[in-house]
Amino acid sequence: VAYSIDNLTNGKGTYAETVINGGTVKSTYRAIRQFLNGVEAQNILTINGGVIEGANKSVWMQDPSKNANTGTLTVGANAQLIGDVYLFVTAGSTEWPVEVSIAAGAVQGEIITGNVPAGYELVNIDGNYGVYAGSAKIGNTYYETISAAIEAAQDGDVITLLAGTFSEAVTHSTTKRFGNKNITIEGAANYGTVLTGGIYIGYDDNNPYTGSVTVKGVVFEGKGLSLVQLDAVSVVDCKFNNVSGNAIHIIADSITETVTVTGNVIDGATMGIMVRNGLTVVIDGNDISNTDHNSINLQQAHNANTYPIT
């Protein structure tokens, strides 16, 4: 048979719940299909124990439309899933309101995802797989917004942005002071994070703090990156596309400031790189094109000891 169990919701009225505590469920194709096609009806599959074996997949959670279809999948440590688990979302979906808890040791195979929307991620935390929603994470803690992650970050933390396109305008200024901490903000692998609202961290009221920010591997579209009066700043391997205003804007009025801008690609901006002051400023290996004004603008450079540009 194609599916030994077909746990199906379709529309508003159908409710489906299957609980397996033992025994064997076996198929020459996929042992259990969990078909999520309802935005209100509950689709619940709980596997507490027993053997679930499918020649193609042991469990297939199928989300067949772009609607916000709901579902809950729980696999306990006493279950035995022989075959991959496949969590599939229709391409182009923007929401995935599912609850997933899968004991990693119960699966003899892989847990595979398809077309997971931006802001969602399947993660193994302490031997249990779950779906987490948000824009950023610090370690195993997820944050709905990038601003919330920056607010929560402690000295030395790395904030990892999730893959996807995010419109949040990230701002930490005079009303929400950055504080004396050194953080790194890095995009998802392979330039998977695209920000359309830009980032502004710092303030310009002549009260610099001894904190530093490194931003690396992020794609900025439409809005750029501003880092203001921090003790040290690094912008590394980022991409800036069609930015209104400065792609990279650094105000470095602290005399102890070190500024490093390396390996970035700027294609389209009012101005490419603008740096004001800084004790040591290194601008190296950047590719800048299609700016309305200066590709690189250095202001009040007499305060700097070195300004190598290569």
Side-chain angles (χ1 to χ4, degrees), residues 150 153 155-159 161 170-174 177-187 191 193 195 198-310:
I150 294 173
D155 186 37
D157 277 347
V158 175
I159 299 171
L161 308 184
V170 181
T171 302
H172 278 251
S173 57
T174 53
R177 303 216 168 185
F178 180 69
N180 302 327
K181 57 188 180 185
N182 306 289
I183 67 170
T184 297
I185 301 171
E186 61 181 21
Y191 294 104
T193 303
L195 305 184
I199 293 179
Y200 179 102
I201 297 176
Y203 47 97
D204 52 8
D205 62 357
N206 297 316
N207 291 303
Y209 274 35
T210 57
S212 70
V213 174
T214 296
V215 180
K216 59 192 297 187
V218 179
V219 179
F220 293 82
E221 292 188 354
K223 300 291 185 180
L225 171 65
S226 295
L227 301 172
V228 179
Q229 288 194 329
L230 299 163
D231 190 52
V233 166
S234 296
V235 184
V236 181
D237 296 335
C238 292
K239 295 183 178 181
F240 299 82
N241 301 320
N242 301 316
V243 173
S244 175
N246 299 321
I248 300 173
H249 182 199
I250 298 171
I251 297 178
D253 285 342
S254 168
I255 62 171
T256 60
E257 176 133 15
T258 299
V259 175
T260 304
V261 182
T262 61
N264 302 285
V265 177
I266 300 172
D267 184 4
T270 305
M271 190 177 298
I273 300 170
M274 189 281 226
V275 178
R276 187 174 80 188
N277 283 342
L279 184 64
T280 301
V281 178
V282 176
I283 301 175
D284 178 60
N286 302 282
D287 186 340
I288 306 172
S289 60
N290 298 317
T291 59
D292 295 337
H293 298 291
N294 300 325
S295 293
I296 299 175
N297 184 347
L298 306 178
Q299 295 185 6
Q300 300 181 12
H302 58 275
N303 287 350
N305 286 344
T306 58
Y307 262 72
I309 300 175
T310 55

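Quick caveat, the model's predicted, so the values are computed rather than measured.
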**Request:** Using the six-membered ring of F220, assess whether NZ or CZ of K239 lies under 6.0 Å from its centre and within 45 degrees of the ring axis.
**Result:** no
What's the spacing between [X] [atom1] and [Y] [atom2] if we round to 0.5 Å?
X: D287; Y: S295; atom1: CG; atom2: OG; result: 10.0 Å
X: I185; Y: T193; atom1: CD1; atom2: OG1; result: 11.5 Å
X: E186; Y: L161; atom1: CD; atom2: CG; result: 8.0 Å
X: K181; Y: D157; atom1: NZ; atom2: CG; result: 8.0 Å
X: R276; Y: I251; atom1: CZ; atom2: CD1; result: 4.5 Å
X: N182; Y: D231; atom1: CG; atom2: CG; result: 8.0 Å

Provide the closest heavy-atom pair for [X] versus [Y] in the form atom of the first, atom of the second, distance.
X: I183; Y: A153; answer: CG2-CB, 3.9 Å
X: G263; Y: N286; answer: N-OD1, 3.4 Å
X: M271; Y: T291; answer: C-CG2, 4.3 Å
X: V261; Y: I273; answer: CG1-CD1, 3.8 Å
X: V243; Y: K223; answer: CG1-C, 3.9 Å
X: V215; Y: C238; answer: O-SG, 3.7 Å

**Audit row: I288, I296, side-chain contact (heavy atoms from CB on, under 4.5 Å) steps and yes/no** = CA-CA 9 Å; I288 306 172; I296 299 175; 3.9 Å; yes
Is there a side-chain contact between [X] and [Y], using heavy atoms and a 4.5 Å cut-off?
X: F240; Y: D267; answer: no
X: L195; Y: V219; answer: no
X: V228; Y: I201; answer: no
X: L227; Y: Y200; answer: no
X: H293; Y: T270; answer: yes
X: T184; Y: K216; answer: yes
X: Y191; Y: V218; answer: no

**Message:** Go through it in stages, so that I can follow the logic: the residues are V235 and T260, the test is side-chain contact (heavy atoms from CB on, under 4.5 Å), and I'd like the CA-CA distance, side-chain angles, deciding distance and then a yes or no.
**Reply:** CA-CA 6 Å; V235 184; T260 304; over 6 Å; no
**Prompt:** Got a donor-acceptor contact below 3.5 angstrom from the N264 side chain to the T262 backbone?
**Reply:** yes
